[in-house]
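Keep in mind the model is a prediction, meaning the values are calculated, not measured.
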Amino acid sequence: MSAENCDAPLSVSLRNVLNSIQCIRDRVRDGESNESDGAFNLSNFWDTLNQAVKAVSQEATKLSLAFSRPPLPSVQDGEKLSESILKSVLTLSAVYYWLPKSQGVTLRRQVRDATVEVLEGVLQLLEIILSSPLHSLTQEQLTSTGGVWSACDQFPQLPK
């Protein structure tokens, strides 16, 4: 991270979240959803999944706004942002795993791919924050490089 962008503790916090989300993305990409199909409610799944996607979108927006203009967030605020984005990503990935194999290979693949796309969007946003000098980050740059929002917008279009 550029020295003019963040102080070390804030950088470490963001880097840790980036690494955690990379691991989560890799597990979702390579993992299988739920084996069992006992007591599965598809309507509840879609509601919960959409809430999780909205939470990721909101947390990404908070992160983007926090770094779009000086001053930088405090270390404490940066840690709170990091924890919030990580919590939302973990929730989203957990909801993906609820979808049992009995719902079909195609649907599971579509939900998995859409989930991975959201996670990659969050990673892009974190990477741009970590790699760019603060004075060069604009809200437009953060919005255009963080594909998280367009990925989140695709969820309502999945077949239900």
Side-chain angles (χ1 to χ4, degrees), residues 1-31 33-34 41 43-99 110-158:
M1 171 174 265
S2 171
E4 61 193 349
N5 196 5
C6 270
D7 55 287
L10 186 53
S11 174
V12 168
S13 179
L14 292 172
R15 180 70 55 198
N16 287 341
V17 169
L18 179 95
N19 292 336
S20 295
I21 295 173
Q22 287 172 332
C23 291
I24 293 165
R25 181 216 41 213
D26 293 345
R27 283 188 148 187
V28 169
R29 182 186 294 144
D30 299 335
S33 59
N34 193 356
N41 181 321
S43 176
N44 182 51
F45 169 79
W46 285 117
D47 290 344
T48 306
L49 183 64
N50 284 324
Q51 289 172 5
V53 169
K54 286 178 188 175
V56 172
S57 178
Q58 290 170 348
E59 293 304 323
T61 299
K62 289 179 192 175
L63 190 66
S64 176
L65 290 171
F67 287 91
S68 66
R69 62 196 176 289
L72 285 174
S74 67
V75 173
Q76 294 82 8
D77 288 344
E79 287 175 0
K80 286 178 186 175
L81 286 166
S82 296
E83 289 171 14
S84 294
I85 193 82
L86 184 57
K87 181 181 174 185
S88 69
V89 162
L90 284 168
T91 300
L92 175 60
S93 64
V95 173
Y96 158 71
Y97 285 107
W98 290 358
L99 187 62
Q110 288 175 328
V111 173
R112 181 198 63 215
D113 292 348
T115 300
V116 167
E117 195 170 331
V118 169
L119 299 178
E120 288 176 346
V122 173
L123 289 170
Q124 289 172 358
L125 179 61
L126 285 165
E127 287 169 354
I128 197 70
I129 290 169
L130 285 164
S131 66
S132 299
L134 178 62
H135 61 80
S136 72
L137 288 173
T138 64
Q139 185 61 39
E140 293 78 25
Q141 182 184 20
L142 289 168
T143 302
S144 68
T145 57
V148 63
W149 297 283
S150 61
C152 288
D153 288 344
Q154 290 181 16
F155 267 89
Q157 297 162 0
L158 289 174

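Annotation: side chain of Y96 is not in contact with side chain of R27 (no heavy-atom distance under 4.5 Å). No side-chain heavy atom of L49 sits under 4.5 Å from any side-chain heavy atom of W98. Counting heavy atoms from C-beta outward, V111 and W46 have side chains that approach closer than 4.5 Å. Taking 4.5 Å as the limit, every side-chain heavy atom of F45 sits out of range of all side-chain heavy atoms of N50. Counting heavy atoms from C-beta outward, V28 and Y97 have side chains that approach closer than 4.5 Å.
In this structure, the side-chain contact (heavy atoms from CB on, under 4.5 Å) partners of E127, at least two apart in sequence or on a different chain, are L18, Q22. For E117, there are no salt bridge (Lys or Arg N to Asp or Glu O under 4.0 Å) partners two or more places apart in sequence or in a different chain. For R29, the salt bridge (Lys or Arg N to Asp or Glu O under 4.0 Å) partners at least two apart in sequence or on another chain are D26, E120. Every side-chain contact (heavy atoms from CB on, under 4.5 Å) that N41 has, sequence neighbours left out, goes to S43, N44. With sequence neighbours excluded, the residues that form a side-chain contact (heavy atoms from CB on, under 4.5 Å) with A52 are T91, L92, V95.
For the atom pair CG of L125 and CZ of F67, the computed distance is 9.5 Å after rounding to the nearest 0.5 Å. Note that CG of L123 and CD1 of I128 are 13.0 Å apart. Values are rounded to the nearest 0.5 Å. In this structure, OG on S20 lies 12.0 Å from CD1 on I85, to the nearest 0.5 angstrom. In this structure, CG on L126 lies 10.0 Å from CG on N19, to the nearest 0.5 angstrom.
Residues in residues 46-68 take part in these salt bridge (charged side-chain N to carboxylate O under 4.0 Å, His left out) pairs, two or more places apart or across chains: E59-K62.
Considering all non-hydrogen atoms of both residues, L119 and R25 come closest at CD1-CA, 3.6 Å.
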Mind listing the side-chain donor-acceptor pairs of residues 74-83 below 3.5 Å, one per line with the distance, residues two or more places apart or on another chain?
{"residue": "S74", "atom": "OG", "partner": "D77", "partner atom": "N", "Å": "3.0"}
{"residue": "S74", "atom": "OG", "partner": "D77", "partner atom": "OD2", "Å": "3.4"}
{"residue": "S82", "atom": "OG", "partner": "S13", "partner atom": "OG", "Å": "2.9"}
{"residue": "S82", "atom": "OG", "partner": "G78", "partner atom": "O", "Å": "2.9"}

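Just one of S88, S57, S93, C152 meets the side chain to side chain contact (heavy atoms under 4.5 Å, CB included) condition when paired with V118; it is C152.
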